[in-house]
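Below: one structure, written as structure tokens.
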Protein chains: 2
Amino acid sequence: MLNQISDLDRLFHALADPARRAMLERLSRGPAPVSELARPLPMSLPAAMQHLGVLEAAGLVRSAKVGRVRTCTIEPRALSQAERWINARRIEWEHRLDRLGEYLKTLENEGDGNGSDD
Amino acid sequence: MLNQISDLDRLFHALADPARRAMLERLSRGPAPVSELARPLPMSLPAAMQHLGVLEAAGLVRSAKVGRVRTCTIEPRALSQAERWINARRIEWEHRLDRLGEYLKTLENEGDGNGSDD
DNA sequence: TATTTGGTTAAGCATATACCTAAGTAATAC
DNA sequence: GTATTACTTAGGTATATGCTTAACCAAATA
């Protein structure tokens, strides 16, 4: 295991758990206290807190305590970093298909006019 | 840990490792044999194969063996499933901000005309 | 002031992950 | 037919992850 953990590692790792995604789904509809995020999950409160910690470490969630209540908010910019990585892969992929298409068209045209020497 | 592992779990988990992302980055530029994917990585070939297995299990990569060479291809549709989840969260978030904005505007207008009884 | 509520910390446990080396197998090259 | 190449399998280890219960603290509430 590499011990140089990048932003993207933390980000995708945070998204890889259904409990954490459920929390984000709830938070994308508005801020919520810890207990509300934890209530629907099939686990103890400390376990839910741990998931919340992972989300915060990934920059996906911010939280602040007022009185004895900690209120959590989603941080959508962190999500967009993950989206950008995925998008970049798609762009490269499509670019490659374009080049492949052009190459095939070239072959076709050359075959049409005269035999290629390749 | 829940032992009901979903597509998204596998997908995001697969993306959460730099070695696996490096493989996908290479594959988004075109198919490659196992050894070529493994060569740049700071680990043994069996370790790299294990990563490849994770990518295949997530549906992100397909591979086929011809002779003694296994050639791998990226499967971009799997990536788009992850992208859709992220996008859905953004949509919800923006929708929420819109409603909040409208609510604030309503408050403003009400304050403009007559005092609210709230 | 005593109790409940909301969160936090600590300690421990089971399983999963990420690696490794060594020992295969099967296809190709010599 | 032997050596090399390209993977594959097996077995093992260290660390990380996901969970638990028990105990704790501080802010409300009765």
Side-chain angles (χ1 to χ4, degrees), chain A residues 1-24 26-27 30-73, chain B residues 1-24 26-27 30-73:
Chain A
M1 184 182 304
L2 302 170
N3 57 0
Q4 248 274 72
I5 300 168
S6 77
D7 281 11
L8 276 175
D9 293 354
R10 268 188 288 269
L11 214 50
F12 283 125
H13 170 68
L15 296 175
D17 186 282
R20 292 194 286 261
R21 286 199 307 277
M23 285 178 165
L24 288 177
R26 169 61 191 80
L27 288 177
V34 170
S35 53
E36 191 181 329
L37 294 176
R39 199 174 311 121
L41 301 177
M43 65 185 66
S44 66
L45 183 60
M49 296 272 302
Q50 224 169 302
H51 284 299
L52 204 49
V54 171
L55 290 171
E56 287 207 53
L60 284 163
V61 166
R62 280 160 63 67
S63 75
K65 203 169 178 176
V66 172
R68 64 185 172 181
V69 176
R70 176 174 297 279
T71 302
C72 305
T73 332
Chain B
M1 185 183 304
L2 302 170
N3 57 1
Q4 248 271 72
I5 299 169
S6 77
D7 281 11
L8 276 175
D9 293 354
R10 268 188 288 270
L11 214 51
F12 284 125
H13 170 67
L15 296 175
D17 186 282
R20 293 195 285 263
R21 287 198 307 277
M23 286 177 164
L24 288 177
R26 168 61 190 82
L27 289 177
V34 170
S35 52
E36 192 181 328
L37 294 176
R39 198 173 313 121
L41 302 177
M43 64 184 67
S44 67
L45 183 60
M49 297 272 301
Q50 222 169 304
H51 285 299
L52 203 50
V54 171
L55 289 171
E56 287 207 53
L60 284 163
V61 165
R62 281 160 63 67
S63 76
K65 202 168 178 176
V66 172
R68 64 186 169 177
V69 175
R70 176 174 297 279
T71 302
C72 306
T73 330

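Chain A is the first sequence line, chain B the second, and so forth, proteins listed ahead of strands; every chain is numbered from 1.
- Every residue two or more places apart in sequence or in another chain was checked for a salt bridge (Lys or Arg N to Asp or Glu O under 4.0 Å) with A/D17, and none qualifies.
- One interatomic measurement links the two molecules: CD1 of A/I5 to P of D/dT15, which rounds to 14 Å at whole-angstrom precision.
- With rounding to whole Å, A/D9 atom CG is found 16 Å from D/dT15 atom C1'.
- Rounded to whole angstrom, the span from the NE2 atom of A/H13 across to the C1' atom of C/dA18 amounts to 14 Å.
- When rounded to the nearest whole Å, the span between CZ of B/R39 and C1' of D/dT5 equals 12 Å.
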Between the protein and nucleotides 20-27 of chain C, list every N/O to N/O distance that falls short of 3.5 Å.
residue : atom : partner : partner atom : Å
C/dC20  : OP1  : B/S44   : N            : 3.3
C/dC20  : OP2  : B/S44   : N            : 2.9
C/dC20  : OP2  : B/S44   : OG           : 2.6
C/dA27  : N3   : B/R68   : NH1          : 3.1

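- Between B/K65 and D/dA6 there is no side-chain N or O to OP1 or OP2 distance below 4.0 Å.
- In terms of position along DNA chain D, the nucleotide closest to B/E36 lies nearer the 5' end than the nucleotide closest to the other residue of the pair A/D17 and B/E36.
- Here the P atom of nucleotide D/dT17 and the CG atom of A/L55 are 14 Å apart, to the nearest Å.
- The salt bridge (Lys or Arg N to Asp or Glu O under 4.0 Å) test applied to B/R62 returns B/E75, not counting sequence neighbours.
- Side-chain proximity of A/R20 to the nucleotides D/dG18, C/dA18, D/dC19 is greatest for D/dG18.
- Atom-to-atom distance recorded for A/R21:CZ and B/D9:CG is 4.5 Å, nearest 0.5 angstrom.
- In this structure B/R26 satisfies the salt bridge (Lys or Arg N to Asp or Glu O under 4.0 Å) test together with B/E36, sequence neighbours excluded.
- To the nearest angstrom, C1' of D/dA6 lies 13 Å from CG of B/L52.
- The side-chain hydrogen bond (donor to acceptor under 3.5 Å, both in side chains) test applied to A/E56 returns A/S63, not counting sequence neighbours.
- C/dA18 atom P lies 12 Å from atom CZ of B/R21, rounded to whole Å.
- At whole-Å resolution of the value, NE2 in A/H51 and C1' in C/dG7 are 17 Å apart.
- Residue B/S35 places at least one side-chain N or O under 4.0 Å from the OP1 or OP2 atom of D/dC7.
- A donor-acceptor pair under 3.5 Å is formed between the side chain of B/R20 and the backbone N or O of B/A14.
- For A/S35, there are no side-chain hydrogen bond (donor to acceptor under 3.5 Å, both in side chains) partners, not counting sequence neighbours.
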